[in-house]
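To start, the structure itself, in structure tokens.
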Amino acid sequence: MTTPTAPGGVWRDVVGQEDAVATLTAAVADPARMTHAWLLTGPPGSGRSMAARSFAAALECPRGGCGECHECHTVLDGSHADVTVMATEGLSIQVKDARALAELAQSRPAVGPWRVIIIEDADRLTERAADALLKALEEPVPRTVWLLCAPSLEDVIVTIRSRSRHVRLRTPSVEAVAALLVRRDGIEERLASYAARAAQSHVGLARRLATDDAARQRRRSTVLLAGRIHTLGDAMSAAAELASLAGEESSASGAERDAAEKAKLMEQLGADPTARTQPPHVRSQLSALEKEQKTRATRFGRDVIDRSLVDLLSFYRDALVVRAGNAVPLINADLAAEVEQLARARTSEQLLTSMDTIGTARERIEANVPPLLALEAMAIGLRAPAGR
Amino acid sequence: MTDVPSLVLIAGPEQVLAERAAASAIDALRAADPQAELIRLDAASYEAGELQLHASPSLFGGSKIVLVRDLDEAREELIADVVDVAAAGLVDATLIVQHKGGARGKKALDAMKKAGARVIDAPAIKSDRDKSAFVTNEFRVGRRKIEPDAVRALLEAVGKDLRELASACRQLIDDTEGVITAEVVERYHGGKVDATGFRVADAAVGGNAPEALRLLRHALASGLDPVPIVAVLASQLRQIARVATAGRGSSAALAKELGMAPWQVDRARRDAKGWDGDRLGRAIQAVAAADFDVKGGGRDPVYAVERVVLTIAAERQG
């Protein structure tokens, strides 16, 4: 069913979502099927924001989403005047941002037929921010469309849910993701299928794994931790290693961006970047930016650790699959020998306990337990059974 | 005349030391001229020109002492005036300036230093090590002997606030005779405990459950939050685990390798004696669970931290 033959035009990069695409294209073609607020849900990496952007492009495009014209291009690269994308790198979307969006929703589109407002992380709306949007969602201006994206219906407060039409995206198949990587990013087929499988069909992650050698290395060393922990010392250093890997990744991708943002802000304020001290109004703006960057780094660091834990989890899951003797494909097919080894060394109960331990660590990190502490407790719990 | 120059700069954040330096300079000046007039200038409500007014010679003769506190919070006018006065020099007057630190008022500091001001440092006293050096020095100045145990007992009792510590030292010097021992300190300050997360952790990691619980109760009653206590427990156990599993080697080398201070390595080594890998592992897991509980995962943060303290002490006992 899920053959990688995606519809063309702007929908080209929305992979493995035939049902959702059919619903959305029908809405573009037939005004009677259109509505003013859409809620797109799907697991992380299923291409929610891609689908939202494609839908926006199809709405703005005079030919219903050809993928060739100026409108389509500008929407897809985020520079169309009537399409606003709200994405947050912080921990939440604040009420002031939501108010600005609600106000924007009242104005008519400037160039295209629709004013489209995309909220990429509707699950990160604070309760007050969501409340600020309700009115604009409920009493729409004729040519405004809201596109909200969230991992699942439960992540959005019920008052928003009831005011929007729900479109569900599903996890695309590994083959579909691999095909996308081959076609869009020109990645070699074997690597693409490895990346799609290892990323568990998360499109963005798969692309990263396929293009970044260091990311592949990191994933490999994370997963191989599983078999290496024997003593308390191993556990402590494994935890420290996991935490520092995340720190590295977070700072590597953060530092460059932080500096660029700072330079841009200085330019906007007309400040002299070479001056030794900045005037007070510039200083206050800069410190506000730094604060924002810090919360972003916190979130990013946590996300990175969470992803490593998911990788680690996949390894135990594979071992369990091997033990159960099922014909389900392995996520870590490239490490089949190591998986085999782990499966031989543990009982199914032990593997399940280990997976629980990892799950607990994820839950704790989510609840603000210092990642290093949570990881240490986890690594101690993952020690080889002989040590206990 | 005294040996106090006409410009004195007291730089540093430690108020106790700064006040002492100012008082001793004033005393020295008063000894030379008992009639000297002391003028305190308030940095916050300063009006331009006040300083020059007070610093210029009086019609009736006699010397003056002008004391300016908190120059780091002063308005621009005062800073500019200090620069002027320092450059112009003073006749029959002494200017004492206190500056807690920071970049503000730096111009005035530079001008004073250039004009040959005496600079007295008042460095911050934060770590236990600084504090014990401070106490030892207090008693040396008071020409008294204090035993190391007594220093520790004194820090434990009143070590949180330096001002309190200083007056406690003063009291012991004035009211007691002979060598000051831990018993003497106990007689004066017994029963009072400034419990911190560190003390709780030390007792728990040492396996002393009653003491750990007592200190924990003290700490909670004096307003310490459970969250930092759990954090300290975690860091102590982590240090022990890392030092215990790092193998042999000098503590300096190990400290470098693990990013710890040498004394931390020594202490962790000492603490590690009663532990083994399994029990330490369980203790760390208990701390992680408690951390989750104090951050909203459980109902009662105080119960969570009490339970983890008892768990750690019990694991240490074996």
Side-chain angles (χ1 to χ4, degrees), chain A residues 91 225 228-244 247-248 275-280 283 287 298 302 305-306 309 350 353-354 356-388, chain B residues 76 102-104 106-107 201 225-249 254 257-260 268 272 275-298 301 304-305 308 311-312 315:
Chain A
L91 291 168
L225 277 182
R228 277 207 348 241
I229 304 172
H230 297 293
T231 66
L232 179 71
D234 297 343
M236 299 303 279
S237 44
E241 202 175 310
L242 267 179
S244 77
E248 253 168 56
R276 208 158 59 88
T277 51
Q278 299 292 347
R283 273 208 306 266
S287 63
T298 307
R302 266 194 223 157
I305 291 179
D306 195 59
L309 293 185
Q350 283 166 344
T353 313
S354 298
D356 260 359
T357 309
I358 299 172
T360 310
R362 290 181 66 195
E363 201 179 308
R364 284 178 181 163
I365 291 171
E366 178 83 8
N368 233 346
V369 172
L372 183 58
L373 178 59
L375 292 174
E376 281 165 358
M378 177 194 84
I380 291 167
L382 292 182
R383 276 180 303 173
R388 279 219 90 149
Chain B
E76 292 298 328
R104 199 169 159 76
K106 187 123 191 323
K107 242 187 309 178
D225 197 69
V227 172
I229 300 178
V230 176
V232 169
L233 287 171
S235 83
Q236 302 284 83
L237 287 173
R238 176 176 307 134
Q239 286 179 354
I240 295 175
R242 295 183 63 191
V243 169
T245 54
R248 306 190 182 287
L254 207 55
E257 188 188 316
L258 299 177
M260 289 160 60
W275 287 94
D276 66 36
D278 285 344
R279 288 187 281 131
L280 202 49
R282 284 198 293 275
I284 292 173
Q285 286 180 322
V287 174
D291 198 287
F292 178 68
D293 286 346
V294 298
K295 284 178 179 160
V305 69
V308 72
T311 310
I312 294 172
E315 290 289 357

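Reminder, nothing fancy here: chain letters follow the sequence lines and each chain counts from 1.
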What part of B:Val287 lies closer than 4.5 angstrom to a heavy atom of chain A: side chain, backbone, both or neither? both
Take B:Thr245 and A:Thr231, measure what side chain to side chain contact (heavy atoms under 4.5 Å, CB included) needs, and give me the verdict at the end. CA-CA 9 Å; B:Thr245 54; A:Thr231 66; 5.7 Å; no
Does any backbone or side-chain atom of B:Ala289 lie under 4.5 Å from a heavy atom of chain A? Answer side chain, backbone, both or neither. both
Does any part of the side chain of B:Leu237, heavy atoms only, come nearer than 4.5 Å to the side chain of B:Leu280, both counted from C-beta? yes
Atom of B:Arg282, atom of B:Glu315 and distance for their closest heavy-atom approach: NE-OE2, 3.0 Å
Checked A:Ile365, A:Asp234, A:Leu372, A:Thr360 vs chain B; the most non-hydrogen pairs under 4.5 Å come from A:Leu372
Find out whether A:Leu382 and A:Leu225 are in side-chain contact, i.e. whether some heavy atom of one side chain is under 4.5 Å from a heavy atom of the other. no
